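On a predicted model such as this, the values are computed, not experimentally measured, just so you know.
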Amino acid sequence: MANPSAQSIQTLSEFLLHAGTNFQLFDLGRGVHAMDTQMFLDLENGMLPCPRPRQQHAWFAIVFWSGKPVKQHYVWFVKFPVDERGLLVVAARNHFLQIIVDALGSSLSEDGQDELPDNPYSFVPPQSQMANFNALTRRLLHLPDSVGTDKVEQYVKAPAISDWRELSVQAVADFAVKLEAPTLAKTVADNLKLYQQDFLKTLFESAEPVALDNALNNAIADFCQVRIDSEPAVGLAALRALSSETPEPQTKTLLANLLAKDSADIHLLSVIAGRLYSQLDESLLVAFFERAAFIDDKEAMQGQLFAGFFSDLVQLPVLRLQVLGMLRSPDRSEILAVAFGRLFNQTQKQ
């Protein structure tokens with residue numbers, strides 16, 4: 001039952017602040033990124049666009065708990081639509097807020113006051129993202145590693161005498177967050193060629209949210225360059241491991257090489273757009289869209305692929321001005337001129 005104080009709650013941030021618990025927000029739009037409370041409040045108030053929208057939605061995880069040490073924590077996964085500028089659609093947020101206030105009141109501290117009621121905004125992350133999120137949450141709350149994490153470390157250090165098939169996806173993710181330690185990172189870099197392919201794919205995907213040191217970052221970039229044609233699944237996973245909010249020279253060089261390959265396909269473009277968008281400077285952005293236009297023509301997709309990537313990347317605040325600037329550039333190539341002309345005509349007909 002809602003209490004009187006619940007009537008004055010205007011934002012989800014206010015609800016969380018007054019709910020009697022500690023909480024942490026994560027942006028799950030593209031990877032897993034911790035978000036501070038002030039940024040989320042600014043998003044709710046329309047002062048900032050959502051930093052990583054995907055499919056015209058912003059995707060969040062909310063972790064809340066009480067007490068130290070943490071005995072129990074709870075998670076809500078919620079997504080809200082964003083407008084063409086990437087701003088949160090307030091009406092949807094208000095609807096969600098009304099649902100939870102009506103169901104839970106303004107407190108999450110009582111038994112049974114933590115389950116999210118049925119609503120149209122909840123979602124379940126895919127397995128690899130869920131494992132990464134769980135690993136980061138365990139570290140945040142100083143909780144023990146999942147069962148089997150020690151076996152992952154044993155395999156990493158001695159792949160010839162350990163059985164990778166005993167390792168769970170969650171245990172690999174819990175191990176991966178430890179790769180910020182230089183000694184473990186060096187071990188992985190030295191042994192990359194010794195690991196079984198399925199394990200490598202899982203390890204690379206688990207390394208997405210981890211700040212890798214230069215040596216391991218460079219080793220993975222070299223691995224990706226060599227393997228992406230012969231073993232595309234593990235090669236693309238290696239590319240995902242290079243995800244970073246900060247531009248990295250080695251990664252940018254790798255992307256330039258990959259986009260120049262005849263084998264560059266929609267799967268490569270999807271990983272770049274989803275995880276490596278922060279690496280896209282002006283020249284890489286041109287190469288990306290030229291490749292998208294080329295594949296579009298080759299596969300007779302009638303502009304749909306190009307338009308899809310354009311609408312996806314133009315919503316990212318870090319790229320919006322660059323992407324819009326390409327529309328007006330007098331120096332763009334013929335293939336881009338044709339692709340943008342088709343995009344403009346499609347937009348006019350809608």
Inset, instruction - Measure up the Phe289 and Phe340 rings against each other and bin them: parallel (under 30°), tilted (30 to 60°), perpendicular (over 60°). - result: tilted
Inset, instruction - Using distance alone, with no hydrogens and no angle criterion, decide if Asp281 and Ser283 have a side-chain donor and acceptor under 3.5 Å apart. - result: yes
Inset, instruction - Might you point out which heavy atoms bring Ala292 and Leu269 nearest each other, and give the distance in Å? - result: CA-CD1, 3.6 Å
Legend entry - Exercise: identify the closest heavy-atom pair between Gln315 and Gly86: NE2-N, 4.3 Å
Legend entry - Nearest-0.5 Å distance that lies between atom CD in Glu231 and atom NZ in Lys201: 12.5 Å
Legend entry - Over all atoms of both residues, closest heavy-atom pair of Leu313 and Leu319: O-CB, 3.9 Å
Inset, instruction - Evaluate the ring planes of Phe199 and Tyr195, with Trp represented by its six-membered ring, and classify them as parallel (under 30°), tilted (30 to 60°) or perpendicular (over 60°). - result: perpendicular
Legend entry - Main-chain N/O of Thr37 paired with Gln24 side-chain donor or acceptor, under 3.5 Å: no
Inset, instruction - Decide yes or no for Asp27 and Met39: does some side-chain heavy atom of the first lie under 4.5 Å from some side-chain heavy atom of the second? - result: no
Inset, instruction - In plain terms, say whether Arg52 and Glu245 are close enough for a salt bridge, that is, a side-chain N and a carboxylate O under 4.0 Å apart. - result: yes
Legend entry - Parallel, tilted or perpendicular: ring planes of Tyr121 versus Phe80, cut at 30 and 60 degrees: tilted
Inset, instruction - State, to 0.1 Å, how close Val147 and Ala171 come at their nearest heavy-atom pair, and which atoms those are. - result: O-CB, 3.9 Å
Inset, instruction - Would you name the heavy atoms of Arg139 and Val177 that are closest together and state the gap between them? - result: NH1-O, 3.5 Å
Legend entry - Non-hydrogen side-chain atoms of Leu268 and Ile228 separated by less than 4.5 Å: yes
